[in-house]
Amino acid sequence: MAAALAFWDRQPPLAAVASSKFASVSVEVKPDAKGSNSAVPVLNLESGEQFVGTPLILRYIARAGGKPPGFYGLDPLGATQVDYWLDYAQTNVSAGANFEAVCIGISDYLALRTFIVGHTLTIADIAIWGQLQANPMWKKVKTSGKVPYLSRWFDFVAELPECKKTVEECEFKKKAAPAAAEASDTNNKKANDNMGSFDIGLPGAEPGKVVTRFPPEPSGYLHVGHAKAALLNQFFADMYQGKLLVRFDDTNPSKEKDEFVENILKDVADLGLKYEKLTYTSDYFPQLLDMGERLIKAGVMYADDTPVEQMRDERMKCVESQRRNRSVEDNLRVWQEMQKGSEEGLANAMRLKVDMKSANGCMRDPVAFRCNLTPHWRTGTKYKLYPTYDCACPFVDAMEGVTHALRTSEYKDREEQYYWVLKEMQKVWPGLPNVHIWDYSRLNFIYTVLSKRKLTWFVETKRVEGWNDPRMPTVQGILRRGMTIESLKEYIISQGASRNVTFQEWDKIWTINKKNIDPVCPRHTAVDVEGRVPVTLSNGPSELEVVTVPRHKKYPPAGKKAQYRTNRIWLEQADARELKEGEEVTLMDWGNCILKKIHKDAAGVVTAIDADLHLEGDFKKTKWKLTWLAQSEELVELQLSDFDYLITKKKVEEDDDFMTLVNEHTRYDWAALGDPNMRTLQKGDIIQLERKGYFIVDEPLTKAGKPIVLFSIPDGRERKGPFPGSPAALASKK
């Protein structure tokens, strides 16, 4: 009985299918029409064992087949190189902002090579071919003229009979998939609604006529949840060749500021939104006041001076207000007082007469207008009376021709209210069109609050530097931390239009970011100042030598850098304490050295090392590959900063005492020395400090004596041990 290869029929694992043909491994192909774009292929063996994911499946097939010769490499070195490329193909050779750069790097690598590894076809070739063949961006890159060697290699591999047959078989299955999926969707619509997919249409959508809108309130900066809303609206507008509108919902002057408007516009630009026009709800204040008067005359809106707490209690208990049956004339009189902002006007709110007995609390006579004497950021003191969001939104949506209003599922209870309000407005304002509401899940993250009220508290209490603090979940905050716009957009799109409410791990979004920055970001070297160890190389150069090395060995466009060498260098204390006398180690990008003497103080701290260069030594045989810096006045001072979550609880519940969950230790700074090339780094540059991780430049070198400030960029891996700035971590150092 053959092993069974299961996968979503719209994403066949070409490399796995082709490899089984090359290796003559019997595999039964089992496409699944009920899968999703998040599904990964699974190889099920007769024994009941499973191999999940293409890299693992390829490793098994290559070992199980035993042919063609050298398919998994001809020797241990070749096999190790194959392993590297299998992981590289899966992680890097995929659709994304850096796809072209990755292809250019592979093309340069293949300039003098016929195969990815060694001199024969290996499973590494099939892995890369499979990723390119399935990538819709590959055709454009291939014909761009930028990847001549990769194109030559691809054409050769693609013409191999096993690969050609695989494409023919799998393309046939993909063409058959839509019909099967349609039948499957009929029976599994509820399940599909919860998947991270866009395989769902907007109700009543017609190509070329869809209008969506992104309506931020200018009471804070955009956070990652707003980014999802913005990009989903853009996605559906593009999907139906329609239009996207951006509209500021500026109906509450107490919370709104010019600062927020300016920074939301910056975020919108950074997110790359292509909107038809920019509007403001305040543009429609005259029409909204006109609408209010019409609703009063129609008998569906009344003035209520019930105290706020009593009104809230009555709504909870389904008790009608004593003011509910005021006459139209009395309501119009109070309406005029409210527009003046008089004492009587300030005591009242205008409520819609809906249904106080409704099981849906949102339908129990919601407030539609209320007074506010705070000057409006845009209209000043012209108005004293403002509509609520629930009143203004249906009207302005309809006035602007919005066909589909996308809202998070937390507003599901308000949909009934939205449609009721719009229907009543249509009765008194002929010609207002219908609007479809389409809901999707709110984006939630662990150890994170996205409430504007709580984020404002962090800013106002100075727990953070501001709305763009790297600890904040705002768009500007995570970009300042080192997230790229491309990675943020890729993550949001990967979530799809799911209606399944979940708490997302930050690891996934940072893993995507790492995948995009690693292939292209320059490499530099830094050594922590605290505990750094001087090393004397007895036969090293007595005068400072400078050699030129690549800033990224696998990405030539990153350019070159100068490496300084001398007979006195610095090592990190953490590295030095692991070393042993007589041991041979590798100094990265220089060569080997042999440790002759390791000096330690009474506490066992390494204070100095004596060593001999042994450049003819084999770096493949050494255990330690060490980062180092030549002792030189050219070294630059660095401040490295790492950050922790602002909240200590993984999932914050509604009844939690928020103040007790605030993390008091969320930033840790430490001093380091960096290689001289870092003098030219600019704000926003992303680099890798070798063996330390990825960093973004927050403050470049501006004057002597002031360090370059680098923020640590998470790479998606779980932190080992406590946060460096926490009491537990600090106590362990004592």
Side-chain angles (χ1 to χ4, degrees), residues 1-32 35 39-94 106 109-110 113-135 138 150 152-174:
M1 180 179 176
L5 179 62
F7 55 89
W8 187 32
D9 57 5
R10 302 191 204 182
Q11 292 181 353
L14 300 176
V17 177
S19 295
S20 69
K21 299 181 186 300
F22 279 106
S24 297
V25 173
S26 181
V27 171
E28 181 183 0
V29 174
K30 288 191 172 183
D32 180 9
V40 295
V42 177
L43 186 67
N44 296 291
L45 304 186
E46 294 179 65
S47 62
E49 297 290 333
Q50 283 187 335
F51 294 111
V52 180
T54 298
L56 202 57
I57 293 171
L58 293 180
R59 288 182 172 96
Y60 171 77
I61 290 174
R63 290 187 172 103
K67 62 177 184 177
F71 201 38
Y72 207 141
L74 292 170
D75 53 32
L77 174 60
T80 302
Q81 292 173 330
V82 166
D83 281 332
Y84 168 81
W85 282 102
L86 292 181
D87 292 333
Y88 186 87
Q90 184 71 15
T91 305
N92 298 289
V93 190
S94 56
I106 299 175
Y109 172 81
L110 287 168
R113 293 177 170 87
T114 303
F115 301 100
I116 295 291
V117 175
H119 303 289
T120 60
L121 184 79
T122 68
I123 203 167
D125 293 285
I126 308 307
I128 298 291
W129 165 81
Q131 289 289 85
L132 295 177
Q133 180 71 46
N135 195 322
W138 167 237
L150 182 57
R152 175 258 302 161
W153 169 90
F154 179 85
D155 289 341
F156 165 72
V157 177
E159 284 300 312
L160 294 173
E162 293 83 355
C163 292
K164 290 182 69 175
K165 188 173 182 181
T166 296
V167 172
E168 291 169 1
E169 293 175 355
C170 292
E171 285 301 314
F172 174 78
K173 295 180 188 301
K174 286 177 71 176

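Predicted, not measured: the structure shown is a model, and the values here were computed from it.
When all heavy atoms of Val117 and Gly78 are compared, the closest pair comes out as CG1-O, 3.7 Å. Here the shortest heavy-atom pairing between Tyr72 and Ala62 reads CD1-CB, 3.5 Å. Shown here for Ile61 and Ala16, the closest heavy-atom pair between the two residues is CD1-O, 3.6 Å. Shown here for Lys164 and Ala158, the closest heavy-atom pair between the two residues is CG-O, 3.1 Å. Of all non-hydrogen atoms in Ala3 and Leu43, the two that sit nearest each other are CB-CD1, 3.8 Å. Residues Ala18 and Trp129 share a closest heavy-atom pair of CB-CZ3, 3.8 Å.
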Next on the checklist: Please evaluate residues Val29 and Phe7 with respect to the criterion side-chain contact (heavy atoms from CB on, under 4.5 Å), reporting the C-alpha separation (whole Å), side-chain torsions for both, the decisive distance (0.1 Å), and the verdict.
Outcome noted: CA-CA 8 Å; Val29 174; Phe7 55 89; 3.3 Å; yes

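With rounding to the nearest 0.5 angstrom, the CG atom of Asp83 is 10.0 Å from the CD1 atom of Ile123. The structure places CZ of Phe154 at 9.5 Å from CD of Glu159, a figure rounded to the nearest 0.5 Å. Note that the CD1 atom of Ile128 and the CG atom of Leu110 stand 8.5 Å from one another [nearest 0.5 Å]. Distance CG/Leu5 to CZ/Phe51: 12.5 Å, rounded to 0.5 Å. Distance check: Leu86 CG to Leu58 CG gives 6.0 Å after rounding to the nearest 0.5 Å. Note: Gln50 CD to Leu56 CG = 11.0 Å, rounded to the nearest 0.5 Å.
Under the 4.5 Å side-chain criterion, counting only non-hydrogen atoms from C-beta, Ile126 is in contact with Leu121. Under the 4.5 Å side-chain criterion, counting only non-hydrogen atoms from C-beta, Pro41 is in contact with Ile57. Counting heavy atoms from C-beta on, the side chains of Thr166 and Phe22 never come closer than 4.5 Å. Within the 4.5 Å cutoff, the side chain of Asp125 has heavy atoms near those of the Thr122 side chain. A 4.5 Å side-chain heavy-atom check between Leu14 and Cys170 finds at least one atom pair inside the cut-off.
Checked against side chain to side chain donor-acceptor pair (under 3.5 Å), Asp75 has no partners two or more places apart in sequence or in another chain.
Judged by distance alone, the side chain of Ser20 and the main-chain N or O of Val17 form a donor-acceptor pair under 3.5 Å. The closest donor-acceptor contact from the side chain of Glu162 to the backbone of Lys21 lies at 3.5 Å or more, if one exists at all. Under the 3.5 Å distance criterion, the side-chain polar atoms of Asp155 are left unmatched by any main-chain donor or acceptor of Arg152. Of the possible donor and acceptor atoms, one in the side chain of Gln131 sits under 3.5 Å from a partner among the backbone N and O of Val93.
Put simply, the residue from Trp153, Tyr88, Trp85 that forms a ring-ring contact (aromatic ring centres under 6.0 Å, His included) with Tyr109 is Trp85.
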